[in-house]
Amino acid sequence: MSAKSFSDIPKAYNPSQVEDKWYKYWIDNGIFNSDIDKTKKPYTIAIPPPNITGMLTMGHILNNSLQDIFIRTKRMQGYNACWVPGTDHASIATETKVTKFLADKQIDKYQIGREAFLEHCQEWKKEYGGIIIQQLKKLGVSCDWRRERFTMDDEYYHEVIKAFVELYKEGKIYRGYRMVNWDPANKSAISDEEVIFKTVNGKLWYFKYPVMDSEEFIVVATTRPETMLGDTGVAVNPNDERYKHLIGKKILLPIADREIPIFADDYVDMEFGTGAVKVTPAHDVNDYDMGQRHKLEMINIFNDDATTNGNVPKEFRELDRYEVRKKVVARLEELGLMFKIEDYQNKVGYSERGNVPIEPYLSEQWFMKMSSEGGSASGGDDLVTPAIKAVQEGKIRFYPKHWEKTYFHWMEGIRDWCISRQLWWGHRIPVWYCVGDDHCNLECKQPIVSITPPEKCPHCGSTNLKQDEDVLDTWASSWLWAHAIFKTDEERKYYYPTNTLVTGPDIIFFWVARMIMAGMHFMKDIPFSDVYFTSIIRDQQGRKMSKSLGNSPDPLEVIKDYGADALRFTVIYLAPLGQDVFFSTDKCELGRNFANKIWNAGRFLLMNLPDRQAGAENIFLNKDLKNAHKDFADEWIFSRLNKTLLQLNKAMDEFEVNNAIKLIYSFIWNDFCDWYVEMIKNRLYADNVEVKSAVLTRAISIFEDALKMLHPFMPFITEELWQLMDERKDGESISTSSYPVADGKMIKDSADEEMDFVKDIITAIRNIRGEMNIAPSKKVNAMIKSSSVKDYQIEYIKKLAKVEYLKVDPNIQKPKASASAVLRGVEIFIPLEGLIDLEVERQKIQKEITRLEGSLAGIDKKLSNEKFVANAAPEVVEKERAKQKDWKENIIKLKEILSNLS
RNA sequence: GGGCGCUUAGCUCAGUUGGUUUAGAGCAUCUGCCUUACAAGCAGAGGGUCCGGGGUUCGAAUCCCUGAGCGCCCACCA
């Protein structure tokens, strides 16, 4: 780096010029790369792989900023930091998108067929799949890009298939004809977790079903009239007196003209509706269960797209389910069988991706067994038990902790996972069927499960084999992410388990829980030790930011306007652990302003360096002088620096990242800029050359430490300034510089105390100036009646409070027509002949006396309470006594001032 | 129907195992300033029944009970 001259450095920080330059520098110098290095401890993060359909959202910004903060901090602290990036093929999400994309071009997925469709998907992935990765780079994330993974890479694909075969052999994967959640838009089964329940305003229809051989009707209520075409029974509660006489009788189902039984089942709630339930075993989960219990006929009335099939009367066939609903209702009305219709609010399950109501649907699917028979309590050889234990035993910690409850609750009530999808984009299920020759026997019906395609049927020898058409649920591949991203055993041994997982609580079931299961099962170890659940980013109205609502600002635009550092800072600053965040773009001013503040602090230091500006005074840096010529201000800033570091480490250990950044913010802005920089100016502009060198060297050293502490949060500006602060070698970076280590010995209460005293005096004088509307450019004279103000403190007070002549003397007489303040046993007078309004001053002092007397009364009461003195900790009582004494003295002094005020 | 979280200044939030006391910060508001790092800034000021009601305690924003409001998750009520 060649030194820049001060005149090159603009007054306002301009991020766009800086960010791309340093990102390229980091990549070119391999700063983010990680390889096995047994001399170093690894610190590993596996990125939650964004979908290839994804665009960068504010959620990604928060999530990836956090990961980058963790990984950069550890990298600087000497760990072998490895952040593996990648993307998820997102089976159903991508297939939905590509299908729609093709449909817009009048291309039908089913017409072109599987192979052609998959080619389109690959093309689509090539075109759009990398966008989000490119966008992430703008944020400054320090991933090892050489390690980029995709869930359908060859090695990863193989890993997924291997896991399937393994689990099948262990009996943990099975095939079954079951009722599943059917997405008619995608014509595929989906898992329970992919069903989103929405409250909809619907109706409750009451039908009259005629009881056979009787004049009676039985009235049933339903939210889905169309399913009556598949009814095969009517259920009542066995204890329901109203219907007891009908149990065992039959009903002639209207329209379908089918005879169906009336039976009793405990499931029926007598209070709801009429207490009689129409039962459609093929299209409702509860009805299915009842159907099983009572051996009812199952009549499937729908095709895979939720249109009616041949099992309904002719005129009702091949119609959309909502069309049929209208027709059924109309017909029942015609027949005089409509009893009544009520408005009714109920919850309807929607397909997450298809965004249409799901249909409970009977079909042949693959399932993964989650807990052993009889629940998870009984055994250890299932997937769930070790995963529960890992969290229970604290091997995996959740932040915030309360998510553990949600996790346990779900894990304990877990049901088998439907992992097959009637889709094409994804990992095709490694199962083949013999579709045989003449000599085929019954055994040939057994599926052939194999990692590689079998050549022939092991039973009949036929080579006429057909692979299962289905692909796996996307989460049945991403659940292996934590280990499958590492290709060799050696790498797995070194990097696995990963350390911190940063993800949203919305995928705790989809992904986090299943990754834990996969880790415990396949690796016999946890996949990560800490899980940080991010906040949800909401807009100003409190709505979740989402693509569909269009209320999420484009992060790239925000980065363009405010800078990546400002965006990162703002999002982290606003996001406390476990709380939602209300974000709006203009809040980024917070981060931008902070960046500018740091920028100018750096500028100030740089402009005093001789080699940065021709003709500047000769202040040479001399690292040997870093601790020379220290006074209380220096002691204080070191004390503050080290205290901040300790608090920062603690906050980071507890994943309180927003507290961490607030600590840094406050140290840089309030301590360093507001006070320390102002205080060193006296010495910087004084005569002693060595003192000047010492002061500037020290200030720069402290500033560099602050830059390092800030670097994980705001990587670009800190790199830029760090590079400017000193001559750096080629390839050197703040990213790989050593992180400051806290030194408890540097924390000195005496320095803090002395500084507070001086600050209070300065603030009191500034306060008077403010109230008297004295321009900052105008100096005043001041007197301090005290014996405790030290000579060396006087220059600071004069400088920072803009005092021309400052007289300190324990025997000072208050001059007439002066404003005054009393604090810490010190009286301050500012003579303001002609400027002061005595009445206003009198009121001000009186107000202060009243306030102090109020406080004093409280403390008097407290201290005269024997129980307090007896029970409270001695140091607390001591503190109260000290306060009491201090306030009493102040009151006396103020009263004296008041009486002499003329 | 269960579970979880939240409620503190106009807004967004801090507030450690109860005790620096006058409950803090940023934004917003008001006042004065282009003071030679920074107007994206500096120096000041005002602004609060800590959601309501009980209780424990010498002492509660903080712990317990209870009520209200908001948000989220889970659950098969036709």
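Convention: sequence-line order gives letters A, B, ...; per-chain numbering from 1. The analysis underlying the following values was restricted to heavy atoms, covering all of them including side chains, and did not include hydrogens, waters or symmetry mates.
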### Message
Using the P atom as the point on both nucleotides, what is the distance between B:U56 and B:A14, in whole Å?
### Response
31 Å
#### Entry: Touch class at under 4.0 angstrom, heavy-atom based, for A:Lys401 against every strand present
nothing
### Task
Under 4.0 Å between any heavy atoms, over every strand shown, what does A:Asn767 touch: base, sugar-phosphate, or nothing? Just pick one.
sugar-phosphate
### Task
Select base, sugar-phosphate, or nothing to describe what A:Phe582 touches, counting heavy atoms under 4.0 Å on all strands.
sugar-phosphate
### Query
Has A:Lys405 got a side-chain N or O lying under 4.0 Å from the OP1 or OP2 atom of B:C4?
yes
### Task
Tell me what A:Val869 touches on the nucleic acid: a base, only sugar-phosphate, or nothing, going by heavy atoms under 4.0 Å.
nothing
### Message
Just the rounded figure in Å: distance from P of B:U36 to CD1 of A:Ile680.
### Response
17 Å
### Query
Which whole-number value in Å describes the distance from A:Glu589 CD to B:A39 C1'?
13 Å
### Message
What contact category does A:Arg766 fall into here, base, sugar-phosphate, or nothing, at under 4.0 angstrom with non-hydrogen atoms?
### Response
sugar-phosphate
### Message
Taking atom NE2 as the centre, does A:His294 end up with more than 12 heavy-atom neighbours from other residues, nucleotides or ligands that are less than 6.0 angstrom away?
### Response
yes
### Query
Should the pair A:Lys799 and A:Tyr685 be classed as cation-pi, given the thresholds of under 6.0 Å to the six-membered ring centre and 45° from the axis?
no
### Query
What is the nucleic acid contact for A:Val277, judged by heavy atoms within less than 4.0 Å: base, sugar-phosphate only, or nothing?
base
### Message
Counting only heavy atoms from other residues, nucleotides and ligands, does the tally under 6.0 Å from CZ of A:Arg293 exceed 12?
### Response
yes
### Task
Using atom NZ of A:Lys879 as one end and atom P of B:G19 as the other, report the distance to the nearest whole Å.
10 Å
### Query
Side chain of A:Trp887: nearest nucleotide among B:C58, B:A37, B:U22?
B:U22
### Message
I need the NZ-P distance between A:Lys198 and B:C72, as an integer number of Å.
### Response
14 Å
### Message
Students often get this wrong, so: under 4.0 angstrom with heavy atoms, is A:Glu271 touching a base, only sugar-phosphate, or nothing?
### Response
nothing
### Query
Reckon A:Tyr288 has a side-chain N or O less than 4.0 Å from the OP1 or OP2 of B:A78?
no
### Query
If we take the P atom in both B:G55 and B:C13, what is their distance in whole Å?
32 Å
### Task
With heavy atoms under 4.0 Å as the rule, sort A:Tyr344 into base, sugar-phosphate or nothing.
sugar-phosphate
#### Entry: Nearest-Å distance once atom C1' is located in both B:U29 and B:A9
12 Å
### Task
Look at all strands and tell whether A:Lys779 reaches a base, only sugar-phosphate, or nothing, counting heavy atoms closer than 4.0 Å.
nothing
### Query
Under the 6.0 Å and 45° cation-pi test, does A:Lys662 pair with A:Tyr573?
yes
### Query
Could you state the NZ-C1' distance from A:Lys662 to B:G26, rounded to the nearest angstrom?
8 Å
### Message
Please determine whether any donor N or O and acceptor N or O are separated by less than 3.5 Å between the side chain of A:Lys597 and the base of B:C38.
### Response
yes
### Message
Applying the Watson-Crick and G-U wobble criteria at under 3.5 Å, what pairs with B:C33? Answer none if nothing qualifies.
### Response
B:G41
### Message
Distance to the ring centre below 6.0 angstrom and angle to the axis at most 45 degrees; does that hold for A:Lys208 and A:Phe339?
### Response
no
### Query
At under 4.0 Å between heavy atoms, what does A:Ser666 touch on the DNA or RNA strands: base, sugar-phosphate, or nothing?
nothing
### Query
For A:Ile508 and B:C72, what is the distance between atoms CD1 and P respectively, to the nearest whole Å?
18 Å
### Message
Rounding to an integer number of angstrom, what distance separates B:U17 and B:U57 when you compare their C1' atoms?
### Response
16 Å
### Query
Contact class for A:Asn871 vs. all strands (heavy atom < 4.0 Å): base, sugar-phosphate, or nothing?
base
### Query
Does the side chain of A:Tyr573 get closer than 4.0 angstrom to OP1 or OP2 of B:A25 through an N or O atom?
no
#### Entry: Side-chain N,O (A:Lys11) to OP1/OP2 (B:C38) below 4.0 Å
yes
### Task
Determine the Euclidean distance between corresponding P atoms of B:G52 and B:G10; express it in Å to zero decimal places.
14 Å
### Task
Find the distance A:Leu823:CG to B:U22:C1' and express it as a whole number of Å.
15 Å
### Query
If you check every side-chain atom of A:Asn596, which of B:A40, B:C42, B:G26 has the closest atom?
B:A40
### Task
Identify which nucleotide among B:C76, B:A14, B:G41 has an atom closest to any side-chain atom of A:Asn659, counting heavy atoms from C-beta outward.
B:A14
### Query
Can you check whether A:Trp675 has a side-chain N or O nearer than 4.0 Å to OP1 or OP2 of B:C42?
no
### Task
Report yes or no: is the cationic atom of A:Lys198 (NZ for Lys, CZ for Arg) under 6.0 Å from the centre of the six-membered ring of A:Tyr350, at an angle within 45° of the ring normal?
yes
### Touch class at under 4.0 angstrom, heavy-atom based, for A:Phe509 against every strand present
sugar-phosphate
### Query
Between B:U20 and B:U62, how far is it from one P atom to the other, in whole Å?
14 Å
### Distance in angstrom units between A:Asn286 CG and B:C76 C1', rounded
4 Å
### Message
Suppose we call two aromatic rings close when their centres sit under 6.0 Å apart. Are A:Trp403 and A:Phe398 close by that rule?
### Response
no
### Task
Can you figure out which of B:U22, B:A78, B:G19 approaches the side chain of A:Lys862 most closely?
B:G19
### Task
Determine the contact category for A:Glu678: base if any of its heavy atoms lies under 4.0 Å from a base atom, sugar-phosphate if only primed atoms, P, OP1 or OP2 are that close, otherwise nothing.
base
### Query
For the side chain of A:Thr406, counting heavy atoms from C-beta on, which of B:C73, B:A40, B:U12 is nearest?
B:C73
### Message
From C-beta outward on A:His402, which listed nucleotide comes closest to its side chain: B:A14, B:C4, B:C58?
### Response
B:C4
### Query
NA contact type, A:Phe594, heavy-atom cut-off 4.0 Å: base, sugar-phosphate, or nothing?
nothing
### Query
On a whole-Å scale, what distance lies between the P atoms belonging to B:C6 and B:A45?
34 Å
### Query
What interatomic distance, in whole Å, is found between C1' of B:G48 and the corresponding atom of B:G15?
14 Å
### Query
Regarding A:Lys203 and the six-membered ring of A:Tyr344, is the cationic atom NZ or CZ under 6.0 Å from the ring centre and inside 45° of its axis?
no
### Query
Do other residues, nucleotides or ligands put more than 12 heavy atoms under 6.0 Å from the CD atom of A:Glu804?
yes
